[in-house]
Amino acid sequence: MRILGLDPGSRVCGYGVIDARGDELTYVECGLLTAPEDRPMEQRLGELARGLREVIGELAPTVVAVEDVFSHQNPRSALALAQARGMALAVIGLAGLAVASYAPALVKKAVSGSGRADKAQVARMVQVLIGLRSLPRTDATDALAVAITHGRRQRPIAATILPAMVRP
C-alpha cells in the first residue's frame with residue numbers, strides 16, 4: 001500500500017509518501033507545496049491544489065492520510081487550516097482516493113509512543129522509523145508522521161491476534 005501523508009496549511013502543505021508492506025515501512029518521497037504569502041487565499045489554495053494534483057499523479061498513492069485541524073488554535077488560524085484541509089480533501093476526492101484522518105495527538109502517540117511528544121521527538125522517531133539520513137522541513141516531517149500512523153494502524157489484525165489464540 002502506498003500512503004500519501006498530508007499536513008495541510010494555507011501557505012505550506014507538507015507531504016510525505018511511504019510504502020507499507022506488513023510491518024515494513026519504506027520511505028518514497030517528501031516535500032513541501034508552497035504558495036506565495038502575498039496572494040489572496042483563493043489563489044494560494046488554487047496553487048496548492050495544482051501541486052497536490054501533481055504529487056498524486058506522479059506518486060500514485062493508494063490511500064491518503066490527513067492530519068485533522070488542531071482545535072486549540074485561535075479561530076482565524078483554525079479557519080485557514082480548515083479551508084486548506086477542505087481543498088486537499090476535494091483534490092483527493094477528485095482523484096478517487098480514500099482518506100483517513102488522524103488527530104495530532106494520535107499521530108504523536110503512534111510515532112513516538114506519547115500523545116504529548118514535542119515536534120523534535122516526533123521528528124527523530126520519523127527519522128528512525130523510515131531510515132532517513134537527515135530530517136526534512138517540519139511540515140514534510142509531520143506529513144510523514146501522518147503516513148506512518150496510517151501504515152501502523154493498517155497492520156493485519158490476524159497476524160497479531162492469532163498467535164496468542166493458538167494453544168499447543
Side-chain angles (χ1 to χ4, degrees), residues 1-35 44-70 81-113 115 117 119 122-163:
M1 160 175 46
R2 179 160 283 187
I3 305 164
L4 168 61
L6 289 178
D7 181 25
S10 61
R11 288 177 296 207
V12 177
C13 178
Y15 72 91
V17 180
I18 62 170
D19 285 333
R21 288 182 198 89
D23 287 341
E24 185 180 339
L25 301 175
T26 307
Y27 172 77
V28 176
E29 180 178 311
C30 70
L32 303 174
L33 304 171
T34 60
R44 289 195 318 258
L45 292 178
E47 183 69 25
L48 294 171
R50 277 190 288 283
L52 181 55
R53 204 172 52 225
E54 286 177 18
V55 166
I56 290 171
E58 289 175 16
L59 299 174
T62 53
V63 65
V64 181
V66 182
E67 191 170 61
D68 286 336
V69 174
F70 184 60
L81 286 176
Q83 289 171 328
R85 190 172 188 280
M87 171 279 301
L89 293 176
V91 171
I92 295 163
L94 288 170
L97 295 169
V99 175
S101 294
Y102 297 102
L106 181 71
V107 172
K108 291 176 182 182
K109 184 170 182 156
V111 173
S112 72
K119 284 198 175 276
V122 172
R124 281 192 301 275
M125 285 306 299
V126 165
Q127 186 176 21
V128 168
L129 290 169
I130 57 175
L132 297 176
R133 282 187 247 163
S134 61
L135 286 174
R137 284 208 25 210
T138 302
D139 296 303
T141 303
D142 290 349
L144 285 167
V146 177
I148 290 167
T149 299
H150 187 72
R152 292 182 131 200
R153 294 181 65 87
Q154 298 307 306
R155 284 185 264 186
I157 294 171
T160 57
I161 294 175
L162 286 181

- Item | Carboxylate-amine/guanidinium contact R44 E47, below 4.0 Å |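 Here R44 does not pair with E47 in a salt bridge, since their nearest N and O are not under 4.0 Å apart.
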
For [X], enumerate each residue passing the side-chain hydrogen bond (donor to acceptor under 3.5 Å, both in side chains) test, keeping only those at least two apart in sequence or located in another chain.
X: T62; value: none
X: R11; value: E37
X: R53; value: none
X: D7; value: none

- Task: Could you tell me which non-hydrogen atom of G16 sits nearest to which non-hydrogen atom of A147, and how far apart they are?
- Result: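 That closest heavy-atom pairing would be O-CB, 4.0 Å.
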
Side-chain donor-acceptor pairs under 3.5 Å in residues 122-140, sequence neighbours left out?
from	atom 1	to	atom 2	distance (Å)
Q127	NE2	L132	O	3.3
Q127	NE2	R133	O	3.2

With a 4.5 Å cut-off on side-chain heavy atoms, are [Y] and [X] touching?
X: D68; Y: R85; value: yes
X: I56; Y: P61; value: yes
X: L144; Y: V111; value: no
X: I92; Y: V66; value: yes
X: K119; Y: D142; value: yes

- Item | Residue of the set H150, K108, K109 for which side chain to side chain contact (heavy atoms under 4.5 Å, CB included) holds with Y102 |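 Between Y102 and the candidates, side chain to side chain contact (heavy atoms under 4.5 Å, CB included) is satisfied uniquely by H150.
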
- Item | Partner of V91 by side chain to side chain contact (heavy atoms under 4.5 Å, CB included), out of V64, L52, L45, V55 |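 Among V64, L52, L45, V55, the one that satisfies the side chain to side chain contact (heavy atoms under 4.5 Å, CB included) with V91 is L52.
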
Nearest 0.5 angstrom please: [X] [atom1] to [Y] [atom2], how far?
X: R153; Y: T149; atom1: CZ; atom2: OG1; result: 8.0 Å
X: E54; Y: L33; atom1: CD; atom2: CG; result: 8.5 Å
X: L4; Y: L97; atom1: CG; atom2: CG; result: 8.0 Å
X: I18; Y: I3; atom1: CD1; atom2: CD1; result: 4.5 Å
X: C13; Y: L32; atom1: SG; atom2: CG; result: 9.0 Å

- Task: Scan for ring-ring contact (aromatic ring centres under 6.0 Å, His included) pairs involving residues 12-31, sequence neighbours excluded, and state none if there are none.
- Result: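 Pairs touching residues 12-31 that pass the test: none.
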
- Task: Could you tell me whether a side-chain N or O of R2 sits under 3.5 Å from a main-chain N or O of A60, the two making a donor and an acceptor?
- Result: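 A pair under 3.5 Å: no.
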
